[in-house]
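Computed from a prediction, not measured in an experiment: that's the story for all the values here. Note that these values count all heavy atoms, side chains included, but never hydrogens, waters or copies made by symmetry. Atoms within a ligand are numbered from 1 in the order they appear, just like the ligands themselves.
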Amino acid sequence: MKFDVLNPYSESIEATFTINNQQLVEAALTNANRYFETAKRGSFEQRAQQLHAIATAFRTNAKLLAKTATQNMGKLLQESLQEANAAANIADYYANNGPAALVSKDYQYLGTKRAKLTYEATGIVLAIEPWNFPYTQVMRVFAPNFLLGNPVLLKHAKIVAGCATVFEQTVWQAGIEHGAFQNLFVTNEQVADIIKDQRVQGVALTGSTKAGKVVASEAAQAITKTTLELGGNDAFLVLPGADIKQAAKDAATSRLRNSGQVCTSAKRMIVHQDVADEFTAALINEFKSRHMGDPMAETTTLAPLASKSIQTTLQKQVNLAIQHGAKELVHGGIDDSKAGNFFSPVLLTNIDEANPIFDEELFGPVGQLHVVESTDAAIKLANRSQYGLAGAVYAGSIEQAQMIAKQLETGQVFINQPSNGYPELPFGGVKNSGYGREMSDLALYEFANQKMIALG
Ligand SMILES: NC(=O)c1ccc[n+]([C@@H]2O[C@H](COP(=O)([O-])OP(=O)(O)OC[C@H]3O[C@@H](n4cnc5c(N)ncnc54)[C@H](O)[C@@H]3O)[C@@H](O)[C@H]2O)c1
Ligand SMILES: O=CCCC(=O)O
(Lines give C-alpha, C1' and ligand atoms only; values in the text may rest on other atoms or scores of the structure.)
(Ligands and ions follow the chains in the order given, each with its own letter.)
Protein backbone atom coordinates (compact mmCIF):
# COMPACT_ATOMS: atom_id res chain seq x y z
CA MET A 1 0.00 0.00 0.00
CA LYS A 2 1.41 3.38 -1.04
CA PHE A 3 0.73 6.90 0.22
CA ASP A 4 1.75 10.36 -0.96
CA VAL A 5 3.14 13.33 0.94
CA LEU A 6 1.68 16.57 -0.48
CA ASN A 7 3.46 19.91 -0.31
CA PRO A 8 1.08 22.24 1.63
CA TYR A 9 2.21 25.29 -0.37
CA SER A 10 2.34 23.97 -3.95
CA GLU A 11 -0.13 21.12 -3.33
CA SER A 12 2.07 18.89 -5.53
CA ILE A 13 3.22 15.39 -4.58
CA GLU A 14 6.49 15.70 -2.69
CA ALA A 15 7.20 11.96 -2.34
CA THR A 16 5.49 8.57 -2.24
CA PHE A 17 6.05 6.01 0.50
CA THR A 18 5.05 2.38 1.07
CA ILE A 19 3.41 0.91 4.18
CA ASN A 20 5.74 -1.72 5.69
CA ASN A 21 4.65 -5.36 5.41
CA GLN A 22 4.57 -7.72 8.38
CA GLN A 23 8.03 -9.18 7.64
CA LEU A 24 9.57 -5.70 7.83
CA VAL A 25 7.72 -4.95 11.06
CA GLU A 26 8.90 -8.25 12.57
CA ALA A 27 12.48 -7.55 11.42
CA ALA A 28 12.34 -4.13 13.11
CA LEU A 29 11.06 -5.67 16.37
CA THR A 30 13.80 -8.33 16.24
CA ASN A 31 16.53 -5.73 15.60
CA ALA A 32 15.22 -3.52 18.35
CA ASN A 33 15.07 -6.39 20.82
CA ARG A 34 18.62 -7.44 19.91
CA TYR A 35 19.73 -3.88 20.62
CA PHE A 36 17.92 -3.98 23.97
CA GLU A 37 19.87 -7.13 24.94
CA THR A 38 23.28 -5.66 23.98
CA ALA A 39 22.52 -2.24 25.49
CA LYS A 40 22.12 -3.90 28.90
CA ARG A 41 25.91 -4.39 28.90
CA GLY A 42 26.61 -0.77 27.85
CA SER A 43 26.78 2.25 30.13
CA PHE A 44 24.89 5.53 30.34
CA GLU A 45 28.19 7.35 29.81
CA GLN A 46 28.88 5.52 26.52
CA ARG A 47 25.42 6.31 25.25
CA ALA A 48 25.80 9.95 26.37
CA GLN A 49 28.79 10.19 24.01
CA GLN A 50 26.67 8.69 21.23
CA LEU A 51 23.93 11.24 21.95
CA HIS A 52 26.47 14.04 21.46
CA ALA A 53 27.29 12.46 18.07
CA ILE A 54 23.56 12.42 17.25
CA ALA A 55 23.30 16.12 18.18
CA THR A 56 26.23 16.88 15.86
CA ALA A 57 24.59 14.93 13.02
CA PHE A 58 21.37 16.93 13.48
CA ARG A 59 23.32 20.20 13.28
CA THR A 60 25.23 18.98 10.21
CA ASN A 61 21.98 17.95 8.49
CA ALA A 62 19.99 20.96 9.71
CA LYS A 63 19.40 22.38 6.22
CA LEU A 64 18.18 19.05 4.81
CA LEU A 65 16.00 18.42 7.86
CA ALA A 66 14.56 21.93 7.61
CA LYS A 67 13.82 21.76 3.90
CA THR A 68 12.10 18.40 4.32
CA ALA A 69 9.89 19.67 7.18
CA THR A 70 8.83 22.73 5.18
CA GLN A 71 8.07 20.60 2.11
CA ASN A 72 6.15 17.99 4.15
CA MET A 73 4.08 20.07 6.57
CA GLY A 74 4.54 23.64 5.40
CA LYS A 75 6.11 25.44 8.36
CA LEU A 76 8.34 28.45 7.67
CA LEU A 77 11.86 27.45 6.69
CA GLN A 78 13.27 29.49 9.58
CA GLU A 79 10.96 27.64 12.00
CA SER A 80 12.09 24.33 10.51
CA LEU A 81 15.75 25.28 10.93
CA GLN A 82 15.12 26.28 14.54
CA GLU A 83 13.42 22.95 15.10
CA ALA A 84 16.30 20.89 13.66
CA ASN A 85 18.67 22.71 16.03
CA ALA A 86 16.23 22.35 18.94
CA ALA A 87 16.24 18.58 18.35
CA ALA A 88 20.06 18.63 18.58
CA ASN A 89 19.79 20.59 21.85
CA ILE A 90 17.50 17.95 23.35
CA ALA A 91 20.05 15.23 22.50
CA ASP A 92 22.84 17.30 24.07
CA TYR A 93 20.74 17.98 27.17
CA TYR A 94 20.33 14.23 27.85
CA ALA A 95 23.99 13.57 27.04
CA ASN A 96 25.05 16.22 29.55
CA ASN A 97 22.52 15.59 32.32
CA GLY A 98 21.14 12.08 31.87
CA PRO A 99 23.89 9.99 33.52
CA ALA A 100 23.76 12.05 36.74
CA ALA A 101 19.96 11.75 36.89
CA LEU A 102 20.27 7.96 36.56
CA VAL A 103 22.78 7.41 39.39
CA SER A 104 21.46 4.73 41.74
CA LYS A 105 19.86 5.78 45.05
CA ASP A 106 20.71 4.28 48.43
CA TYR A 107 18.06 3.01 50.86
CA GLN A 108 18.22 1.50 54.34
CA TYR A 109 15.86 -1.04 55.85
CA LEU A 110 15.50 -3.03 59.07
CA GLY A 111 17.75 -0.51 60.78
CA THR A 112 21.17 -1.18 59.23
CA LYS A 113 20.52 -3.17 56.07
CA ARG A 114 21.22 -1.49 52.77
CA ALA A 115 19.47 -1.50 49.41
CA LYS A 116 19.73 0.50 46.21
CA LEU A 117 17.45 1.65 43.46
CA THR A 118 18.89 1.41 39.98
CA TYR A 119 17.46 2.70 36.72
CA GLU A 120 17.43 0.22 33.89
CA ALA A 121 15.91 -0.22 30.46
CA THR A 122 12.62 -2.10 30.12
CA GLY A 123 12.41 -2.87 26.40
CA ILE A 124 11.16 -1.36 23.17
CA VAL A 125 9.31 1.96 23.33
CA LEU A 126 6.91 2.76 20.50
CA ALA A 127 6.76 6.51 19.78
CA ILE A 128 3.54 7.57 18.00
CA GLU A 129 4.07 11.15 16.90
CA PRO A 130 2.22 14.07 15.24
CA TRP A 131 3.27 16.19 12.31
CA ASN A 132 3.39 19.67 13.89
CA PHE A 133 6.95 19.41 15.29
CA PRO A 134 8.22 16.44 13.28
CA TYR A 135 11.71 16.38 14.83
CA THR A 136 11.53 17.69 18.39
CA GLN A 137 8.51 15.52 19.25
CA VAL A 138 10.46 12.43 18.24
CA MET A 139 13.69 13.51 19.94
CA ARG A 140 11.85 14.13 23.22
CA VAL A 141 11.06 10.43 23.37
CA PHE A 142 14.13 9.04 21.65
CA ALA A 143 16.94 10.86 23.54
CA PRO A 144 15.98 9.91 27.15
CA ASN A 145 15.10 6.36 26.13
CA PHE A 146 18.28 5.91 24.14
CA LEU A 147 20.30 6.99 27.18
CA LEU A 148 18.45 4.46 29.30
CA GLY A 149 18.98 1.66 26.75
CA ASN A 150 15.42 1.39 25.47
CA PRO A 151 15.22 0.97 21.67
CA VAL A 152 12.66 3.24 20.02
CA LEU A 153 10.38 2.41 17.12
CA LEU A 154 8.82 5.45 15.46
CA LYS A 155 5.32 5.57 14.00
CA HIS A 156 5.10 9.09 12.63
CA ALA A 157 2.14 10.95 11.11
CA LYS A 158 1.91 10.16 7.38
CA ILE A 159 2.09 13.85 6.45
CA VAL A 160 5.70 13.94 7.62
CA ALA A 161 6.89 10.60 6.25
CA GLY A 162 9.85 12.41 4.64
CA CYS A 163 10.84 13.87 8.02
CA ALA A 164 10.64 10.41 9.63
CA THR A 165 13.04 9.08 7.01
CA VAL A 166 15.53 11.94 7.38
CA PHE A 167 15.37 11.65 11.19
CA GLU A 168 16.26 7.95 10.96
CA GLN A 169 19.08 8.60 8.46
CA THR A 170 20.50 11.34 10.70
CA VAL A 171 20.54 9.09 13.78
CA TRP A 172 22.17 6.26 11.81
CA GLN A 173 24.67 8.69 10.27
CA ALA A 174 25.94 9.33 13.80
CA GLY A 175 27.09 5.69 13.89
CA ILE A 176 24.31 4.43 16.15
CA GLU A 177 23.28 0.75 15.98
CA HIS A 178 20.21 0.62 13.74
CA GLY A 179 18.24 -1.38 16.31
CA ALA A 180 18.31 1.63 18.66
CA PHE A 181 16.05 3.69 16.41
CA GLN A 182 13.90 2.55 13.51
CA ASN A 183 11.14 4.23 11.59
CA LEU A 184 8.07 2.24 10.58
CA PHE A 185 5.35 3.18 8.09
CA VAL A 186 2.40 1.29 9.54
CA THR A 187 -1.39 1.46 9.72
CA ASN A 188 -3.35 1.88 12.95
CA GLU A 189 -4.18 -1.86 12.81
CA GLN A 190 -0.47 -2.73 12.61
CA VAL A 191 0.16 -0.36 15.54
CA ALA A 192 -2.41 -2.31 17.57
CA ASP A 193 -0.48 -5.54 16.86
CA ILE A 194 2.86 -3.94 17.75
CA ILE A 195 1.41 -2.76 21.06
CA LYS A 196 0.32 -6.37 21.84
CA ASP A 197 3.89 -7.64 21.34
CA GLN A 198 5.50 -8.34 24.72
CA ARG A 199 8.88 -7.03 23.49
CA VAL A 200 7.24 -3.59 23.49
CA GLN A 201 7.26 -2.22 27.03
CA GLY A 202 6.23 1.39 26.50
CA VAL A 203 4.08 3.52 24.22
CA ALA A 204 4.58 7.29 24.07
CA LEU A 205 1.85 9.04 22.11
CA THR A 206 1.68 12.69 21.21
CA GLY A 207 -1.45 13.63 19.33
CA SER A 208 -5.16 14.17 19.72
CA THR A 209 -7.20 13.12 22.74
CA LYS A 210 -9.14 10.81 20.42
CA ALA A 211 -5.97 8.92 19.39
CA GLY A 212 -4.80 8.89 23.03
CA LYS A 213 -7.97 7.11 24.17
CA VAL A 214 -7.62 4.39 21.51
CA VAL A 215 -3.91 3.77 22.00
CA ALA A 216 -4.08 3.87 25.82
CA SER A 217 -6.84 1.25 25.83
CA GLU A 218 -4.87 -0.99 23.46
CA ALA A 219 -1.81 -0.65 25.70
CA ALA A 220 -3.89 -1.35 28.81
CA GLN A 221 -4.85 -4.77 27.37
CA ALA A 222 -1.14 -5.61 27.20
CA ILE A 223 -0.33 -4.01 30.61
CA THR A 224 2.05 -1.71 28.77
CA LYS A 225 2.83 1.70 30.19
CA THR A 226 1.87 4.79 28.22
CA THR A 227 2.60 8.49 28.27
CA LEU A 228 0.05 10.71 26.54
CA GLU A 229 0.81 14.23 25.35
CA LEU A 230 -2.55 15.30 23.95
CA GLY A 231 -4.46 18.37 22.89
CA GLY A 232 -4.82 21.68 24.66
CA ASN A 233 -6.97 24.79 24.89
CA ASP A 234 -4.49 26.91 26.80
CA ALA A 235 -5.52 30.08 28.59
CA PHE A 236 -3.42 33.25 28.43
CA LEU A 237 -4.39 35.50 31.35
CA VAL A 238 -3.77 39.26 31.17
CA LEU A 239 -4.30 41.26 34.36
CA PRO A 240 -3.90 44.89 35.42
CA GLY A 241 -0.31 45.80 36.20
CA ALA A 242 1.13 43.62 33.42
CA ASP A 243 3.04 45.07 30.47
CA ILE A 244 0.01 45.04 28.16
CA LYS A 245 1.83 45.75 24.88
CA GLN A 246 4.29 42.95 25.54
CA ALA A 247 1.44 40.64 26.55
CA ALA A 248 -0.38 41.31 23.25
CA LYS A 249 2.81 40.72 21.25
CA ASP A 250 3.51 37.46 23.09
CA ALA A 251 -0.11 36.30 22.80
CA ALA A 252 0.02 36.75 19.02
CA THR A 253 3.42 35.05 18.73
CA SER A 254 2.19 32.17 20.84
CA ARG A 255 -1.08 31.82 18.91
CA LEU A 256 0.36 32.23 15.42
CA ARG A 257 3.75 30.49 15.50
CA ASN A 258 3.87 27.29 13.47
CA SER A 259 0.67 28.69 11.88
CA GLY A 260 -1.16 28.11 15.14
CA GLN A 261 -0.52 24.36 15.07
CA VAL A 262 0.99 24.11 18.54
CA CYS A 263 -0.48 22.07 21.38
CA THR A 264 0.61 24.60 24.02
CA SER A 265 -0.11 27.81 22.16
CA ALA A 266 -2.23 30.57 23.72
CA LYS A 267 -5.67 29.63 22.44
CA ARG A 268 -7.93 31.53 24.86
CA MET A 269 -6.88 35.08 25.78
CA ILE A 270 -8.65 35.88 29.05
CA VAL A 271 -8.30 39.58 29.77
CA HIS A 272 -9.33 41.70 32.78
CA GLN A 273 -11.83 44.40 31.74
CA ASP A 274 -9.58 47.19 33.08
CA VAL A 275 -6.91 46.43 30.46
CA ALA A 276 -9.11 44.90 27.76
CA ASP A 277 -9.25 47.86 25.36
CA GLU A 278 -5.49 48.36 25.23
CA PHE A 279 -4.79 44.62 24.94
CA THR A 280 -7.45 44.01 22.28
CA ALA A 281 -6.29 46.87 20.05
CA ALA A 282 -2.69 45.69 20.21
CA LEU A 283 -3.67 42.06 19.59
CA ILE A 284 -5.77 42.98 16.54
CA ASN A 285 -2.78 44.85 15.09
CA GLU A 286 -0.53 41.86 15.65
CA PHE A 287 -3.00 39.45 14.02
CA LYS A 288 -3.32 41.75 10.98
CA SER A 289 0.43 42.15 10.57
CA ARG A 290 1.21 38.58 9.43
CA HIS A 291 2.15 38.02 5.82
CA MET A 292 1.19 34.73 4.16
CA GLY A 293 3.30 33.31 1.35
CA ASP A 294 5.92 30.79 0.31
CA PRO A 295 7.20 29.19 3.53
CA MET A 296 10.67 28.95 1.97
CA ALA A 297 10.83 32.78 1.63
CA GLU A 298 12.36 34.86 4.44
CA THR A 299 9.70 37.54 4.05
CA THR A 300 6.82 35.18 4.84
CA THR A 301 5.56 35.32 8.42
CA LEU A 302 2.59 32.96 8.22
CA ALA A 303 2.91 29.57 6.57
CA PRO A 304 0.17 27.37 5.10
CA LEU A 305 -1.50 24.76 7.29
CA ALA A 306 -0.13 21.24 7.15
CA SER A 307 -2.99 19.68 5.18
CA LYS A 308 -6.21 20.38 3.31
CA SER A 309 -8.24 18.52 5.94
CA ILE A 310 -6.80 20.65 8.77
CA GLN A 311 -7.68 23.75 6.76
CA THR A 312 -11.26 22.57 6.09
CA THR A 313 -11.84 21.47 9.71
CA LEU A 314 -10.65 24.82 11.04
CA GLN A 315 -12.92 26.79 8.70
CA LYS A 316 -15.89 24.63 9.76
CA GLN A 317 -15.09 25.34 13.43
CA VAL A 318 -14.89 29.10 12.80
CA ASN A 319 -18.18 29.05 10.84
CA LEU A 320 -19.87 27.09 13.62
CA ALA A 321 -18.59 29.53 16.24
CA ILE A 322 -20.02 32.47 14.25
CA GLN A 323 -23.35 30.72 13.68
CA HIS A 324 -23.61 30.43 17.47
CA GLY A 325 -22.99 34.10 18.16
CA ALA A 326 -19.20 34.55 18.05
CA LYS A 327 -17.96 37.85 16.53
CA GLU A 328 -14.85 38.23 14.41
CA LEU A 329 -12.53 40.98 15.68
CA VAL A 330 -10.20 39.99 12.87
CA HIS A 331 -11.85 38.43 9.86
CA GLY A 332 -9.86 35.76 8.06
CA GLY A 333 -9.94 32.11 7.04
CA ILE A 334 -9.63 30.38 3.69
CA ASP A 335 -9.21 32.46 0.58
CA ASP A 336 -10.45 30.22 -2.26
CA SER A 337 -8.60 32.22 -4.90
CA LYS A 338 -5.26 31.17 -3.37
CA ALA A 339 -3.56 27.81 -3.91
CA GLY A 340 -2.00 26.15 -0.88
CA ASN A 341 -3.52 25.43 2.53
CA PHE A 342 -3.52 29.08 3.63
CA PHE A 343 -5.68 30.35 6.46
CA SER A 344 -5.43 33.99 7.44
CA PRO A 345 -5.64 34.77 11.18
CA VAL A 346 -9.04 35.02 12.84
CA LEU A 347 -9.72 36.59 16.23
CA LEU A 348 -13.04 35.60 17.77
CA THR A 349 -14.90 37.06 20.71
CA ASN A 350 -18.42 36.70 22.26
CA ILE A 351 -17.96 32.97 22.72
CA ASP A 352 -20.20 31.80 25.53
CA GLU A 353 -20.33 28.37 27.11
CA ALA A 354 -23.24 27.31 24.90
CA ASN A 355 -21.10 27.83 21.79
CA PRO A 356 -20.10 24.36 20.48
CA ILE A 357 -16.50 25.50 19.97
CA PHE A 358 -16.21 26.97 23.51
CA ASP A 359 -13.87 24.19 24.59
CA GLU A 360 -12.79 22.74 21.24
CA GLU A 361 -9.14 22.87 20.29
CA LEU A 362 -8.71 25.18 17.28
CA PHE A 363 -5.51 23.89 15.69
CA GLY A 364 -4.55 26.84 13.51
CA PRO A 365 -4.27 30.66 13.54
CA VAL A 366 -7.55 31.34 15.34
CA GLY A 367 -7.63 33.09 18.72
CA GLN A 368 -10.47 33.44 21.25
CA LEU A 369 -10.73 36.61 23.31
CA HIS A 370 -12.69 36.67 26.57
CA VAL A 371 -13.07 39.79 28.72
CA VAL A 372 -13.72 39.16 32.45
CA GLU A 373 -14.54 41.43 35.37
CA SER A 374 -12.09 40.02 37.96
CA THR A 375 -9.01 37.89 38.53
CA ASP A 376 -11.14 35.18 40.12
CA ALA A 377 -13.37 35.12 37.03
CA ALA A 378 -10.26 34.77 34.85
CA ILE A 379 -9.07 31.74 36.85
CA LYS A 380 -12.53 30.17 36.80
CA LEU A 381 -12.85 30.57 33.04
CA ALA A 382 -9.31 29.27 32.45
CA ASN A 383 -10.24 26.10 34.36
CA ARG A 384 -13.50 25.59 32.46
CA SER A 385 -11.86 23.24 30.03
CA GLN A 386 -11.60 19.52 29.41
CA TYR A 387 -7.90 20.21 28.75
CA GLY A 388 -5.04 21.06 31.11
CA LEU A 389 -1.83 21.33 29.14
CA ALA A 390 -0.18 24.73 29.71
CA GLY A 391 -1.08 28.36 30.31
CA ALA A 392 0.40 31.82 30.74
CA VAL A 393 -0.22 34.51 33.36
CA TYR A 394 0.71 38.14 32.76
CA ALA A 395 0.39 40.15 35.98
CA GLY A 396 2.01 43.08 37.76
CA SER A 397 3.70 41.07 40.49
CA ILE A 398 5.36 37.69 40.45
CA GLU A 399 3.69 36.85 43.78
CA GLN A 400 0.21 37.48 42.33
CA ALA A 401 1.07 35.52 39.19
CA GLN A 402 2.36 32.59 41.26
CA MET A 403 -0.80 32.58 43.36
CA ILE A 404 -2.82 32.39 40.13
CA ALA A 405 -0.51 29.75 38.63
CA LYS A 406 -1.13 27.57 41.71
CA GLN A 407 -4.88 27.59 40.99
CA LEU A 408 -4.68 26.71 37.28
CA GLU A 409 -5.53 23.10 36.41
CA THR A 410 -2.68 22.56 33.94
CA GLY A 411 0.66 20.75 33.78
CA GLN A 412 2.65 23.91 33.01
CA VAL A 413 2.30 27.64 33.65
CA PHE A 414 4.51 30.40 32.23
CA ILE A 415 4.67 33.76 34.02
CA ASN A 416 5.02 36.93 31.95
CA GLN A 417 6.24 34.89 28.98
CA PRO A 418 4.60 32.71 26.34
CA SER A 419 4.67 28.92 26.74
CA ASN A 420 7.46 27.01 25.06
CA GLY A 421 9.18 23.64 25.24
CA TYR A 422 12.63 23.59 26.89
CA PRO A 423 14.76 20.44 27.29
CA GLU A 424 15.41 21.36 30.95
CA LEU A 425 11.74 21.74 31.92
CA PRO A 426 9.08 19.06 32.48
CA PHE A 427 6.48 19.06 29.68
CA GLY A 428 3.02 17.49 29.93
CA GLY A 429 -0.55 17.94 31.02
CA VAL A 430 -3.47 16.90 33.20
CA LYS A 431 -7.17 16.22 32.43
CA ASN A 432 -7.79 15.38 28.73
CA SER A 433 -4.34 16.72 27.84
CA GLY A 434 -2.91 13.42 29.01
CA TYR A 435 -0.39 12.18 31.55
CA GLY A 436 3.31 11.55 31.92
CA ARG A 437 6.12 14.00 31.35
CA GLU A 438 8.53 14.57 28.49
CA MET A 439 11.81 16.50 28.66
CA SER A 440 13.85 17.25 31.83
CA ASP A 441 15.01 14.47 34.19
CA LEU A 442 11.39 13.28 34.50
CA ALA A 443 11.32 11.81 30.97
CA LEU A 444 14.15 9.46 31.92
CA TYR A 445 11.99 7.69 34.50
CA GLU A 446 8.82 7.18 32.42
CA PHE A 447 9.93 3.92 30.79
CA ALA A 448 12.70 2.97 33.23
CA ASN A 449 12.71 -0.14 35.36
CA GLN A 450 13.22 1.43 38.79
CA LYS A 451 14.79 -1.72 40.16
CA MET A 452 15.36 -2.25 43.88
CA ILE A 453 18.30 -4.42 44.87
CA ALA A 454 18.45 -5.35 48.57
CA LEU A 455 22.11 -5.76 49.54
CA GLY A 456 21.55 -7.23 53.00
N1 LIG B 1 0.71 17.63 24.22
C2 LIG B 1 1.63 17.65 23.30
O3 LIG B 1 2.81 17.57 23.58
C4 LIG B 1 1.25 17.76 21.85
C5 LIG B 1 2.22 18.12 20.93
C6 LIG B 1 1.87 18.21 19.59
C7 LIG B 1 0.57 17.96 19.18
N8 LIG B 1 -0.34 17.62 20.11
C9 LIG B 1 -1.73 17.39 19.69
O10 LIG B 1 -1.78 16.60 18.51
C11 LIG B 1 -2.91 16.93 17.75
C12 LIG B 1 -2.52 17.23 16.32
O13 LIG B 1 -1.78 16.20 15.79
P14 LIG B 1 -2.43 15.07 14.83
O15 LIG B 1 -3.53 15.64 14.04
O16 LIG B 1 -1.30 14.41 14.09
O17 LIG B 1 -3.04 14.09 15.90
P18 LIG B 1 -3.55 12.62 15.66
O19 LIG B 1 -4.04 12.15 16.96
O20 LIG B 1 -4.46 12.52 14.52
O21 LIG B 1 -2.25 11.80 15.25
C22 LIG B 1 -1.10 11.72 16.08
C23 LIG B 1 -0.39 10.43 15.78
O24 LIG B 1 -1.21 9.35 16.25
C25 LIG B 1 -1.43 8.44 15.20
N26 LIG B 1 -2.74 7.82 15.43
C27 LIG B 1 -3.95 8.42 15.38
N28 LIG B 1 -4.92 7.51 15.68
C29 LIG B 1 -4.28 6.33 15.92
C30 LIG B 1 -4.73 5.02 16.25
N31 LIG B 1 -6.00 4.72 16.43
N32 LIG B 1 -3.79 4.05 16.42
C33 LIG B 1 -2.50 4.33 16.24
N34 LIG B 1 -2.01 5.53 15.92
C35 LIG B 1 -2.89 6.52 15.76
C36 LIG B 1 -1.35 9.28 13.94
O37 LIG B 1 -1.12 8.48 12.81
C38 LIG B 1 -0.17 10.16 14.29
O39 LIG B 1 1.05 9.49 14.11
C40 LIG B 1 -3.50 18.15 18.42
O41 LIG B 1 -4.59 17.76 19.22
C42 LIG B 1 -2.38 18.65 19.28
O43 LIG B 1 -2.75 19.43 20.38
C44 LIG B 1 -0.04 17.51 21.42
O1 LIG C 1 2.99 21.19 20.00
C2 LIG C 1 3.63 20.97 21.01
C3 LIG C 1 5.08 21.28 21.26
C4 LIG C 1 5.26 22.69 21.66
C5 LIG C 1 6.70 23.10 21.85
O6 LIG C 1 7.62 22.29 21.69
O7 LIG C 1 6.90 24.27 22.20
Side-chain angles (χ1 to χ4, degrees), residues 3 19 72-73 75 79 82-83 86-87 89-90 126-141 153-161 163-164 183-196 203-219 226-234 253-255 257-267 305-307 309-311 313-314 317 360-364 386-390 392 410-412 414 417-423 425-439 443:
F3 64 96
I19 295 288
N72 280 197
M73 56 70 68
K75 69 170 70 185
E79 290 178 329
Q82 271 169 16
E83 191 185 334
N89 294 344
I90 295 171
L126 175 66
I128 304 177
E129 299 299 330
W131 43 266
N132 62 339
F133 289 92
Y135 303 126
T136 50
Q137 297 295 356
V138 181
M139 190 61 91
R140 286 165 180 219
V141 176
L153 291 178
L154 170 65
K155 184 259 168 272
H156 221 324
K158 277 190 188 161
I159 296 178
V160 289
C163 300
N183 171 52
L184 289 173
F185 292 131
V186 280
T187 61
N188 290 354
E189 293 69 35
Q190 287 173 299
V191 169
D193 287 337
I194 295 170
I195 292 173
K196 277 186 205 139
V203 182
L205 178 132
T206 298
S208 60
T209 301
K210 187 174 160 212
K213 285 181 182 172
V214 175
V215 167
S217 32
E218 288 169 353
T226 49
T227 55
L228 300 178
E229 298 287 344
L230 308 177
N233 198 7
D234 290 358
T253 305
S254 178
R255 183 60 294 226
R257 80 179 170 108
N258 213 33
S259 279
Q261 303 162 122
V262 183
C263 53
T264 49
S265 76
K267 290 174 185 145
L305 296 174
S307 75
S309 82
I310 294 159
Q311 188 199 35
T313 302
L314 190 62
Q317 288 174 307
E360 267 192 29
E361 184 182 38
L362 301 173
F363 216 56
Q386 62 173 310
Y387 295 111
L389 193 51
T410 64
Q412 310 155 67
F414 290 79
Q417 58 183 310
S419 62
N420 211 338
Y422 298 95
L425 300 184
F427 187 102
V430 295
K431 297 161 97 173
N432 277 355
S433 293
Y435 50 77
R437 291 294 178 266
E438 292 184 340
M439 313 264 248

L389 heavy atoms within 4.0 Å reach ligand 1 at atoms 1 (N)
Return the residue, atom name and 0.1 Å-rounded distance of the protein heavy atom closest to atom 38 (C) of ligand 1.
-> E129 O, 3.3 Å
So does E229 pair up with R140, basic N to acidic O under 4.0 Å?
-> no
For ligand 2, would you mind listing the residues that have at least one heavy atom less than 4.0 Å away, ordered by chain and number?
-> N132, F133, Q137, R140, R257, V262, C263, T264, N420, G421
Pick from L184, V186, I194: which one makes a side chain to side chain contact (heavy atoms under 4.5 Å, CB included) with K155?
-> V186
May I ask you to decide if G429's main-chain N or O and R437's side chain share a donor-acceptor pair within less than 3.5 Å?
-> yes
Spatial distance of atom CD (Q261) from atom NZ (K75) [nearest 0.5 Å] | 8.5 Å
Compare G207, P130, A211 and give the one whose heavy atom is closest to atom 28 (N) of ligand 1.
-> A211
Nearest to atom 44 (C) of ligand 1, what protein heavy atom do you find, and at what distance?
-> L230 O, 3.1 Å
Give the residue and atom name of whichever protein heavy atom lies nearest to atom 22 (C) of ligand 1, and the separation in Å to one decimal.
-> T206 O, 3.6 Å
Go through the structure and list residues passing side-chain contact (heavy atoms from CB on, under 4.5 Å) with A390, not counting sequence neighbours.
-> D234, T264, Q412, S419
Who passes ring pair (Phe, Tyr, Trp, His ring centres under 6.0 Å) against Y422, sequence neighbours left out?
-> none
Which atoms of ligand 1 sit under 4.0 Å from any heavy atom of C263?
-> 1 (N), 2 (C), 3 (O), 4 (C), 5 (C), 6 (C), 7 (C), 8 (N), 43 (O), 44 (C)
Separation between NE2 of H156 and CG of L154, rounded to the nearest 0.5 Å | 5.5 Å
If we number the atoms of ligand 1 from 1 as shown, the ones under 4.0 Å from a heavy atom of H156 are 39 (O)
At what distance is the nearest protein heavy atom to atom 40 (C) of ligand 1, and which residue and atom is it?
-> E361 OE1, 3.4 Å
What atoms in ligand 1 come closer than 4.0 Å to a heavy atom of V214?
-> 31 (N)
Nearest protein heavy-atom contact for atom 15 (O) of ligand 1: which residue, which atom, what distance?
-> W131 NE1, 3.2 Å
Atoms in ligand 1 flagged as close to Q137, the criterion being non-hydrogen separation under 4.0 Å = 5 (C), 6 (C)
For G436 and T227, work out which heavy atoms get closest and say how close.
-> CA-CG2, 4.1 Å
Euclidean distance, N258 CG relative to C263 SG, rounded to 0.5 Å | 9.5 Å
Which of the numbered atoms in ligand 1 are below 4.0 angstrom from a heavy atom of V191?
-> 33 (C)
contact_flag F133 ligand 1 heavy-atom lt 4.0 Å = no
What pairs with Q82 under side-chain contact (heavy atoms from CB on, under 4.5 Å), at least two apart in sequence or on another chain?
-> none
So which bit of F363 gets within less than 4.0 Å of ligand 1, heavy atoms only: side chain, backbone, both or neither?
-> side chain
When you measure from atom 20 (O) of ligand 1 to every protein heavy atom, which one gives the shortest distance, and what is it?
-> S208 OG, 4.0 Å
About how many Å separate CG of L228 and OH of Y435, when rounded to the nearest 0.5 Å?
-> 4.0 Å
Answer yes or no: is there an ion pair linking E79 with R257, defined by an N-O contact shorter than 4.0 Å?
-> no
Sub-4.0 Å atoms of ligand 1 with respect to non-hydrogen atoms of V215 | 32 (N), 33 (C)
Under 3.5 Å: donor-acceptor pair, side chain of R255, backbone of S265 | no
Are the side chain of T136 and the backbone N or O of A86 linked by a donor-acceptor pair below 3.5 Å?
-> no
Among non-hydrogen protein atoms, atom 36 (C) of ligand 1 lies closest to K155 NZ, 4.0 Å
I128 heavy atoms within 4.0 Å reach ligand 1 at atoms 23 (C), 24 (O), 25 (C), 34 (N), 39 (O)
So CG of N432 and CG of N233: to nearest 0.5 Å the spacing works out to 11.5 Å
Nearest non-hydrogen contact to atom 32 (N) of ligand 1 from the set N132, T313, V160, N188 belongs to N188
